[in-house]
K.L.:
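Questions regarding the structure given below will be posed in turn.
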Amino acid sequence: PMRMMCAYAGVECEDIKYDIQRTEKGTWKATDWERGHKPDLRRQNPFTDLPYVINHRTGEVVALSNAVSLYLGSILGLNGITPYMCVVNEEILLHIHTAWLDVRALVYPSDKRAKDRPFEEQLAAYFSAVLPPVYESLEACLLRRGTGFFVGWLPCTADFHAWEFLDQHEAMARCHGLRSPLADFEMLEAYHERFRALPRLQQYFESEDARLPINNRTALFK
């Protein structure tokens with residue numbers, strides 16, 4: 001979402017990507033990050049982890065997904081223009097983050113029983129029981145706001161996260177032959193199409209960044 005935000009705002013940024021490699025012990029590690037940038041950045045911000053952003057004008061280092069998103073949103077003017085809009089933006093952002101925790105548990109299982117259960121079986125159960133209430137809340141929010149996007153008439157920070165959340169579930173459904181989760185949610189489906197058609201994002205969607213893997217190599221769904 002942070003790449004999309006910068007692309008939408010038309011600002012130049014340096015996008016550093018870190019690759020992970022399997023170690024001799026069978027674990028995964030991003031050596032360039034762990035031994036390179038992370039120690040130096042931790043001296044500037046003890047909370048530094050991925051993702052992070054450096055403001056080269058001020059020297060400020062901000063880390064952790066929601067904090068980075070809100071920081072970028074404040075700089076790029078994407079957090080809302082009124083105090084209430086800012087609160088709604090944060091509500092949606094945190095709602096998506098809470099829902100994403102279930103996705104993380106699904107694609108990066110830590111429980112041995114979950115690891116031994118076929119992923120397709122887990123995904124079908126997740127789509128039928130866990131995901132619909134999330135979509136129902138998002139659909140109701142769009143209906144209540146009546147503005148085309150979750151906060152206002154133009155995309156705010158939370159919209160970039162919400163769209164990516166929806167789009168990634170569409171990708172999972174296509175890959176595993178499941179029915180689109182958006183099929184029962186008319187406003188969400190229209191929102192997904194509306195965001196994808198934004199003129200200011202077309203260059204991004206045509207770039208290699210838009211085709212990066214959804215998750216890293218350790219995930220059950222890439």
Side-chain angles (χ1 to χ4, degrees), residues 1-5 7-8 17-22 26-28 30 50-51 65 69 92-143 148-150 155 158-198 201-222:
M2 294 83 168
R3 296 186 185 96
M4 278 196 291
M5 290 172 66
Y8 179 82
K17 300 177 179 68
Y18 299 95
D19 192 19
I20 63 170
Q21 303 291 336
R22 188 182 290 274
T27 58
W28 294 86
L50 299 175
S65 180
S69 296
I92 299 298
L93 184 66
L94 295 176
H95 179 68
I96 294 297
H97 180 77
T98 300
W100 173 80
L101 295 177
D102 288 324
V103 181
R104 183 179 66 178
L106 178 69
V107 300
Y108 298 103
S110 58
D111 183 88
K112 186 180 186 302
R113 288 175 297 178
K115 290 181 179 179
D116 293 340
R117 187 181 173 192
F119 178 71
E120 291 77 9
E121 181 182 325
Q122 296 183 64
L123 183 62
Y126 166 80
F127 269 32
S128 65
V130 179
L131 193 59
V134 177
Y135 278 32
E136 288 169 6
S137 297
L138 293 173
E139 179 94 347
C141 180
L142 284 175
L143 180 62
F149 295 96
F150 279 107
D159 284 291
F160 294 87
H161 286 260
W163 184 86
E164 183 175 271
F165 183 85
L166 299 176
D167 197 61
Q168 290 181 356
H169 283 83
E170 290 301 293
M172 284 193 278
R174 288 193 302 270
C175 181
H176 293 280
L178 298 175
R179 184 169 179 263
S180 165
L182 290 173
D184 295 325
F185 300 94
E186 182 179 354
M187 296 196 72
L188 272 183
E189 188 172 33
Y191 166 84
H192 181 258
E193 295 175 359
R194 184 182 308 114
F195 188 97
R196 178 61 177 81
L198 287 168
L201 283 176
Q202 295 315 297
Q203 186 174 353
Y204 167 82
F205 285 127
E206 294 170 3
S207 71
E208 290 300 316
D209 281 345
R211 288 180 280 277
L212 288 169
I214 292 174
N215 299 299
N216 68 40
R217 297 179 185 180
T218 65
L220 297 182
F221 178 76
K222 310 298 192 291

K.L.:
Could you tell me which non-hydrogen atom of Ile20 sits nearest to which non-hydrogen atom of Ala30, and how far apart they are?
P.N.:
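Smallest interatomic distance, heavy atoms only, reads CG2-CB, 3.8 Å.
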K.L.:
For the pair Leu138 and His95, evaluate side-chain contact (heavy atoms from CB on, under 4.5 Å) and give the outcome as yes or no after the intermediate values.
P.N.:
CA-CA 9 Å; Leu138 293 173; His95 179 68; 3.6 Å; yes
K.L.:
Asp102: which residues meet the side chain to side chain donor-acceptor pair (under 3.5 Å) condition with it, sequence neighbours left out?
P.N.:
none
K.L.:
Start with the C-alpha distance between Phe149 and Leu198, add both sets of side-chain angles, then the distance that settles side-chain contact (heavy atoms from CB on, under 4.5 Å), and finish with yes or no.
P.N.:
CA-CA 12 Å; Phe149 295 96; Leu198 287 168; 4.0 Å; yes
K.L.:
Anything under 30° is parallel, anything over 60° is perpendicular, the rest tilted; go ahead and classify Tyr126 against His169.
P.N.:
parallel
K.L.:
What's the spacing between Ile96 CD1 and Leu166 CG if we round to 0.5 Å?
P.N.:
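So the gap between those two atoms works out to 6.5 Å.
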K.L.:
Would you say the side-chain atoms of Ser207 and Asp209 include a donor-acceptor pair closer than 3.5 Å?
P.N.:
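Per modelled atom types, Ser207 and Asp209 side chains form no pair under 3.5 Å.
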K.L.:
Give, for atom CG of Leu142 and atom CD1 of Ile92, the distance between the pair rounded to the nearest 0.5 Å.
P.N.:
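Here the rounded value is 8.0 Å.
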K.L.:
Quick one, Tyr108 with Val103, criterion side-chain contact (heavy atoms from CB on, under 4.5 Å). Give me CA distance, side-chain angles, the key distance, then yes/no.
P.N.:
CA-CA 8 Å; Tyr108 298 103; Val103 181; over 6 Å; no
K.L.:
If you measure from CG on Asp184 to CD on Glu139, what distance do you get to the nearest 0.5 Å?
P.N.:
9.5 Å
K.L.:
Does the cation-pi check pass for Arg196 over Phe205, that is, NZ or CZ under 6.0 Å from the six-membered ring centre and within 45° of its axis?
P.N.:
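So Arg196 does make the cation-pi contact.
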K.L.:
Test side-chain contact (heavy atoms from CB on, under 4.5 Å) on Phe165 and Val134; report intermediate values, then the result.
P.N.:
CA-CA 11 Å; Phe165 183 85; Val134 177; 4.1 Å; yes
K.L.:
Checking Phe195 now: which residues fulfil ring-ring contact (aromatic ring centres under 6.0 Å, His included) with it, not counting sequence neighbours?
P.N.:
Phe160, Trp163
K.L.:
What pair of heavy atoms forms the shortest contact from His176 to Leu123, and how long is it?
P.N.:
CD2-CD2, 3.5 Å
K.L.:
Does a donor on one side chain sit under 3.5 Å from an acceptor on the other, for His97 and Ser65?
P.N.:
no
K.L.:
Looking at Arg211 and Glu206, would you say the former's side chain and the latter's main chain have a donor-acceptor pair under 3.5 Å?
P.N.:
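Checked: pair present.
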K.L.:
So, the side chain of Glu170 versus the backbone of Ser180: is there a donor-acceptor pair under 3.5 Å, distance only?
P.N.:
no
K.L.:
Is a side-chain N or O of Gln122 found less than 3.5 angstrom from the main chain of Arg117, in a donor-acceptor match?
P.N.:
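Checking the backbone N and O of Arg117 against the side chain of Gln122, a donor-acceptor pair under 3.5 Å is found.
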K.L.:
Return the CE to SG distance between Met187 and Cys141, rounded to the nearest 0.5 Å.
P.N.:
9.5 Å
K.L.:
Is the closest side-chain heavy-atom distance between Arg3 and Leu212 below 4.5 Å?
P.N.:
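Yes - at least one pair of side-chain heavy atoms lies under 4.5 Å apart.
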K.L.:
From Leu50 CG over to Lys17 NZ, what is the distance, rounded to the nearest 0.5 angstrom?
P.N.:
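NZ of Lys17 is found 13.0 Å from CG of Leu50.
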K.L.:
Taking CD in Gln203 as the centre, count heavy atoms belonging to other residues, nucleotides or ligands within less than 6.0 Å. Is the count above 12?
P.N.:
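Atom CD in Gln203 is not crowded, with 12 or fewer foreign heavy atoms closer than 6.0 Å.
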K.L.:
Is atom CD of Glu136 surrounded by more than 12 heavy atoms (other residues, nucleotides or ligands) closer than 6.0 Å?
P.N.:
yes
K.L.:
Could you tell me the separation between the CG atom of Asp159 and the CD atom of Glu164, rounded to the nearest 0.5 Å?
P.N.:
13.0 Å
K.L.:
Any idea which heavy atoms bring Ser69 and His161 closest together, and the distance?
P.N.:
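Shortest heavy-atom separation between Ser69 and His161 comes out as OG-NE2, 2.6 Å.
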K.L.:
Using every non-hydrogen atom in the two residues, find where Pro181 and Leu131 come nearest and quote the distance to one decimal.
P.N.:
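Scanning both residues completely, I find the closest heavy atoms to be CB-CD2, 3.7 Å.
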K.L.:
With sequence neighbours left out, what residues match Phe150 under ring-ring contact (aromatic ring centres under 6.0 Å, His included)?
P.N.:
Tyr191
K.L.:
Please report the closest heavy-atom contact between Pro133 and Ala129, naming both atoms and the distance.
P.N.:
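Heavy-atom minimum between the residues: CD-O, 3.6 Å.
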K.L.:
List the atom of Gln202, the atom of Ala197, and the distance in Å for their closest heavy-atom pair.
P.N.:
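In terms of heavy atoms, the two residues are closest at NE2-C, 3.4 Å.
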